[in-house]
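Sequential numbering from 1 along the given sequence is applied to the chain's residues.
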Amino acid sequence: MKLNHSTGAIAFLLATPLLSSLTVGIAPSSAATIAGSTAQIIIKNFSHRPTETDTSTDTNTSRIANNGVVISQASADPAFISNCQQLLAASLSKSEVTGSGSNYTGSAKSQATVIGDFYIDAKETFSFGAMTDLNLFASVDNRQSERAIARGSIFLGLIDTVTNILLDSFQISGDLDSSQGFTRNLYSSSDNFDFGAIKLTLRPPYAPGNTIESVLFTSLWRYSRTFDSATSLRLVEIQNNFAEVQAEAPAEAVPEPSTILGTALFFGLLVRALKLKNKFSEIPSKV
């Protein structure tokens with residue numbers, strides 16, 4: 001793998017507060033449906049310098065608007081800077097969709113990956129610190145005809161590249177659905193992760209009928225492990241985001257019972273009049 005870093009991406013990540021990375025939440029009334037998912041991580045204070053680094057991204061958007069407007073956006077900005085005194089890895093990925101009108105659907109997907117290879121001698125301790133932020137947002141005007149879905153995950157694993165065995169891992173993920181609320185919260189980590197702070201915030205507290213919901217999962221932690229033998233170690237961080245909005249076509253108007261009755265009477269009288277006309281036409285004229 002070749003060295004891959006983006007100074008601009010790193011500067012943007014450092015200038016962006018971890019707790020305010022989801023921009024779709026600033027104006028929920030500007031569209032009928034809004035869905036957003038943002039994942040962010042900053043890794044620093046490495047005990048060892050990587051021998052190789054790499055990053056990759058994958059984004060995709062789709063939209064169909066038969067009688068409305070849909071805007072889908074997906075972005076991914078990972079970076080690993082190792083050619084300076086301070087080692088730093090950071091990644092920000094975001095998926096946002098807004099929709100207005102009716103009879104539409106739109107989605108956005110984003111994935112960002114950061115990789116670093118390290119060589120750890122026997123009896124050495126490999127360590128680093130990290131901050132993570134996973135933010136999900138969903139807003140609808142009408143729960144019966146509209147739906148907003150947001151999903152997100154952050155995974156970090158340490159792999160022995162000789163045996164291809166996953167030695168340690170950390171993962172957080174969540175699902176937010178306007179029709180069901182916060183449906184899934186997955187958090188897991190190995191023993192070698194030491195958490196200084198971890199917090200899950202629901203805004204507002206979920207209750208049936210809420211049309212605006214937000215989930216914020218933040219954590220501050222440190223990883224440390226001493227290796228008995230020399231180890232070729234690979235750090236892999238992957239984050240995924242998905243957002244989707246849907247709106248049904250408006251139902252056709254159902255005629256009022258009085259309208260139906262009036263229409264039936266009209267056609268009944270019309271048919272009767274036509275029959276009488278035919279009978280009169282059969283009577284021979286005396287003139």
Minimum side-chain heavy-atom gap Phe155-Thr113 below 4.5 Å
no
I need the single residue from Leu134, Leu136, Asn135 that forms a side chain to side chain contact (heavy atoms under 4.5 Å, CB included) with Leu216. Which is it?
Asn135
Rounded to the nearest 0.5 Å, the CD atom of Gln246 sits from the CD1 atom of Ile149 at a distance of 5.0 Å
Below 4.5 Å, heavy atoms only, C-beta onward: do Tyr119 and Thr231 meet side chain to side chain?
no
Side chain to side chain contact (heavy atoms under 4.5 Å, CB included) between Asn192 and Leu167: does it pass, once the steps are laid out?
CA-CA 10 Å; Asn192 292 308; Leu167 303 177; over 6 Å; no
Arg63 CZ to Thr105 OG1 distance, which is reported to the nearest 0.5 Å:
12.0 Å
OG of Ser75 to CD of Gln73, rounded to nearest 0.5 Å, is 8.0 Å
Test side-chain hydrogen bond (donor to acceptor under 3.5 Å, both in side chains) applied to Ser127 - qualifying residues, sequence neighbours left out:
Arg222
Determine the minimum heavy-atom distance between Ser95 and Ser110, stating which atoms define it.
OG-OG, 2.9 Å
Within 6.0 Å of CD1 in Ile64, more than 12 heavy atoms from elsewhere:
no
Determine, step by step, whether Thr125 and Ser224 satisfy the side chain to side chain contact (heavy atoms under 4.5 Å, CB included) criterion, reporting the C-alpha distance in whole Å, the side-chain angles of both residues, the deciding distance to 0.1 Å, and the verdict.
CA-CA 7 Å; Thr125 300; Ser224 179; 3.4 Å; yes
Using the side-chain contact (heavy atoms from CB on, under 4.5 Å) criterion, which residues pair with Ser107? Sequence neighbours excluded.
Ser62, Phe242, Glu244
Assign the ring pair Trp221 / Phe193 to parallel, tilted or perpendicular, where the plane angle (0 to 90°) is split at 30° and 60°.
perpendicular
Single-linkage hydrophobic cluster Leu166~Val162, side-chain heavy atoms < 4.5 angstrom:
no
Restricting to ring-ring contact (aromatic ring centres under 6.0 Å, His included), what partner residues turn up for Phe46, sequence neighbours left out?
Phe80, Phe118, Phe128
Hey, is the main chain of Ser232 close enough, under 3.5 Å, to the side chain of Thr161 for a donor-acceptor pair?
yes
Are Arg49 and Leu87 packed together at the side-chain level, in the sense that at least one heavy-atom pair is separated by less than 4.5 angstrom?
yes
Report yes if some heavy atom in the side chain of Leu92 is under 4.5 Å from a heavy atom in the side chain of Thr38; otherwise report no.
yes
What I'd like to find out is whether the side chain of Thr61 reaches to under 4.5 Å of the side chain of Lys109, using heavy atoms alone.
no
Assess the side chains of Asn241 and Ser37: does a donor N or O sit below 3.5 Å from an acceptor N or O?
yes
From Thr132 atom OG1 to Ile172 atom CD1, the distance as rounded to the nearest 0.5 Å
4.0 Å
For Glu146, which residues count as a side-chain contact (heavy atoms from CB on, under 4.5 Å) partner, sequence neighbours excluded?
Ala32, Thr33, Val140, Asp141, Asn142, Ala247
Under the side-chain contact (heavy atoms from CB on, under 4.5 Å) test, residues paired with Ala112 that sit two or more places apart
Ala76, Pro78, Ser91, Ser93, Gln239
Salt bridge (Lys or Arg N to Asp or Glu O under 4.0 Å) filter on Arg225, not counting sequence neighbours, yields Asp168
Test item: Ile43 and Asn45 side chains (from C-beta on) under 4.5 Å apart, heavy atoms:
no
For Ser72 and Val70: C-alpha separation, side-chain torsions, deciding distance, then whether side chain to side chain contact (heavy atoms under 4.5 Å, CB included) applies.
CA-CA 7 Å; Ser72 302; Val70 179; 3.9 Å; yes
Set of side-chain hydrogen bond (donor to acceptor under 3.5 Å, both in side chains) partners for Ser169, sequence neighbours left out
none
Side chains of Phe227 and Asp121: does their closest heavy-atom pair fall under 4.5 Å?
no
Among residues at least two apart in sequence or on other chains, which ones pass side-chain hydrogen bond (donor to acceptor under 3.5 Å, both in side chains) with Gln111?
Asn240
Is Asp177 close to Arg147 at the side-chain level, that is, under 4.5 Å between some pair of heavy atoms?
yes
Hey, could you give me the CG/CZ distance between Leu176 and Phe137, rounded to the nearest 0.5 Å?
9.0 Å
Residues in ring-ring contact (aromatic ring centres under 6.0 Å, His included) contact with Tyr187, at least two apart in sequence or another chain:
Phe195
Nearest 0.5 angstrom please: Asp54 CG to Ile115 CD1, how far?
5.5 Å
If you count every heavy atom of other residues, nucleotides or ligands that lies below 6.0 Å from Ile71 atom CD1, does the total exceed 12?
no
Partners of Lys199 by side-chain contact (heavy atoms from CB on, under 4.5 Å), sequence neighbours excluded?
Thr201, Thr218
By side-chain hydrogen bond (donor to acceptor under 3.5 Å, both in side chains), Ser102 pairs with (sequence neighbours left out) Asn67
Evaluate the criterion side chain to side chain contact (heavy atoms under 4.5 Å, CB included) for residue pair Thr53 and Asp117; output intermediate values, then yes/no.
CA-CA 6 Å; Thr53 66; Asp117 286 346; over 6 Å; no
